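What follows is a set of notes on a single structure, which appears directly below.
Being a predicted model, the structure only gives us computed values, none of them experimental. The sequence lines fix the lettering, A, B, ..., with proteins before strands; numbering per chain opens at 1.
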Amino acid sequence: MHRWSQLFIPTLREAPADAEVASHKFLVRAGYIRQLAAGIYSYLFMGQRTLLKIIDIVREEMNTIGQEFLLPALHPRELWEESGRWQVMGDTMFRLKDRKGADLCLGMTHEEVMTQIARKDLRSYKQLPQIWYQIQNKFRDEPRPKSGLIRVRQFTMKDSYSFDIDAAGLDVSYQKHDQVYRAIFDRCGLKYMTVEAHSGAMGGSQSQEFMVMSDAGEDMVASCGMCGYAANLEKASSQLPAAQDLPEDGAGPKEVHTPGMKTIEEVAKFLDVSPTQKIKTLALMQLEDDKKKPGEKKTRPVIVLLRGDHTLNEAKLTTALGGKEFRPMHEEEIQRVFGSPAGYLGPVKVPALSSAGEEIGSVTQRIILEALPLMLADTALKGRKNLVAGANKENYHLKNVTPLRDFHPTEWVDLRNAAAGEGCPNCGNPLVVGTAMEIGHIFKLGYKYSTSMGLSVLDKDGKETKPIMGCYGIGVERILTAAIEQNNDKDGFWLSQTIAPFDVVVTPTNVTDANLLRTAEEIALKLEKTGFDVLLDDRDERPGVKFKDADLVGIPYRINVGKKVTEGKVEVVTRSTRQTTDASIAAIEAQFSEIAQA
RNA sequence: CGGGGCGUAGCGCAGCCUGGUAGCGCACCUGCCUUGGGCGCAGGGGGUCACAGGUUCAAAUCCUGUCGCCCCGACCA
């Protein structure tokens, strides 16, 4: 039994001024955490106790499908050079040097180390499949840590990695994780949803995120209440109602004078057309490492065409560009490619790689083709007619612009952001867009690390084969923050009994009354014997102080030991509902067990 | 990295404009009192006013620089 009077639970009456979201305010006020630096927190008694309970659940469930490892947090540079990520990770990676001057980093994820182990000791297909996991600290020098424990620079992650002989095997490992993750989040008492996720720069592979809807989150999720479709906005698509085309006005593109009109809105209003009848032309520059000149970037113009009222989805564009970075064109680059200042850009008569599939003949020809701008048109423009676009001439726009007649995009791609109210891609029901917090992610990696780091085993036929990998993550602290975001009121928060630091706090209203204190101690001992985690609030404080603290600190039940003791009764209070039930002291084990689960 | 805000006692803040003994509430310690929703009374401890430099007889206050923290954006396997 823990006695509050002897514990360090530094509760605060007021939230720190710099806390914005509920979980941050309450974690500090309840004495769970204290800040050390931006995005770096100490976990105190109550916080650590809760996190350990979460970890117990994660471990128990993960042990049903995998084996627990513990990898180093400190990694040599060479390992990350092999996968190419020493460069890719940029400033997000914490880097340091040892006494000999050798470069090291703090692990932000562990694909490299896991693959290195697999590479050394996996020899045969007979050893597959394998699922290896660990629960460990991750270090990421985030550009902007924020919202208490929600985005931090050091945190606990359960990360697992699967190795399978083929894609069918990976499917099984992936499904196992899906099942286990659901079991974990269910047991932690979270309301969550799963969404299709952007697969990142590597493209193609399947990926699913576990999301908790919350304004404190950092992701946008589009979902359908009818058929259950849900996707991260980075990935979501939608059905659009047919847009009205303008009537043909003469033959072919026609210049119109639009003096000083630069924005879609201005031009649409001036010409009395809808933005849906306009083409939005974005001038971007793709960046790629120059193999001939290390450290320098090779550029290639990318022209993106969207319907006037749509916005570019950068994740989708990154995927379309095969994971390459991009940036907006500089003014002089726009002049060079379009021959016009920004504000009057359009696709007509701009030299770009056409989709007509030019035969790649001579070397010279290939070099020319590789230098041509890419023109990527959003699928919402497909089949449209008589649109308005910039004329690539200052103060002029073009009417009657029809795709495939007046310009030929390199490729048609889904590049736009889906928006609330648009039709679900599966069933057409209007989509809802909301804010969410990511608590887990399962991801089919494919052969990225097997290839870059040279992992192979012998198959049945004695032939070298690359195992296919998956990786799977859970943010341990995010389970706690999500739970608090979901379950709080003005006085504090309540956790599911499975993860709360204690099941119940026993509160004698006055410890100077020997009878009350003794009764409370007896109840606490009995409940502890029954299997509950019990906190006895034996502090010599007024009842109001103890009730306020009990409401604050996340414990799901409270037992008031007060004046009804003379009748042989105490009160059991459920924190979430504040429902109060009288229980008999003599039968407290049974009566409390009926309300809570032992 | 761009924009904004803030650094004064453990927490929340005032004082700064107009330079002159560093304050308030909560928390903390002692005593009395009180005991079902952050009691009351009395006494008390605690601060290099983020740091460095400058101006001045005198700097929390004015000037310059640096650092830290928060928010918005950019960024984010």
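Of the N and O atoms on the side chains of A/N417 and A/T311, at least one donor lies less than 3.5 Å from an acceptor on the other residue.
Here B/U35 is the nucleotide among B/U35, B/G37, B/C76 with the atom lying nearest to any side-chain atom of A/R542. Of the candidates B/C70, B/A77, B/G12, B/A77 carries the atom nearest the A/T109 side chain, counting heavy atoms from C-beta on. For A/N560, counting side-chain heavy atoms from C-beta on, the closest listed nucleotide (B/G36, B/C70, B/C75) is B/G36. Side chain of A/L12, nearest nucleotide from B/G38, B/C11, B/G36: B/C11.
Of the options A/L27, A/T11, A/I9, a side-chain contact (heavy atoms from CB on, under 4.5 Å) to A/Y32 is made by A/L27 and by none of the others.
When rounded to the nearest whole Å, the span between CG of A/D18 and C1' of B/G4 equals 16 Å.
Here A/Q35 does not reach the OP1 or OP2 of B/G68: none of its side-chain N or O atoms lies under 4.0 Å away. In terms of phosphate contacts, A/R144 brings a side-chain nitrogen or oxygen within less than 4.0 Å of OP1 or OP2 of B/C71.
The shortest distance between side-chain heavy atoms of A/V113 and A/H75 falls below 4.5 Å.
Taking the six-membered ring for Trp and thresholds of 30 and 60 degrees, A/Y41 and A/H24 have ring planes more than 60 degrees apart, a perpendicular arrangement.
Side-chain atoms of A/E14 and base atoms of B/G38 include no donor and acceptor less than 3.5 Å apart.
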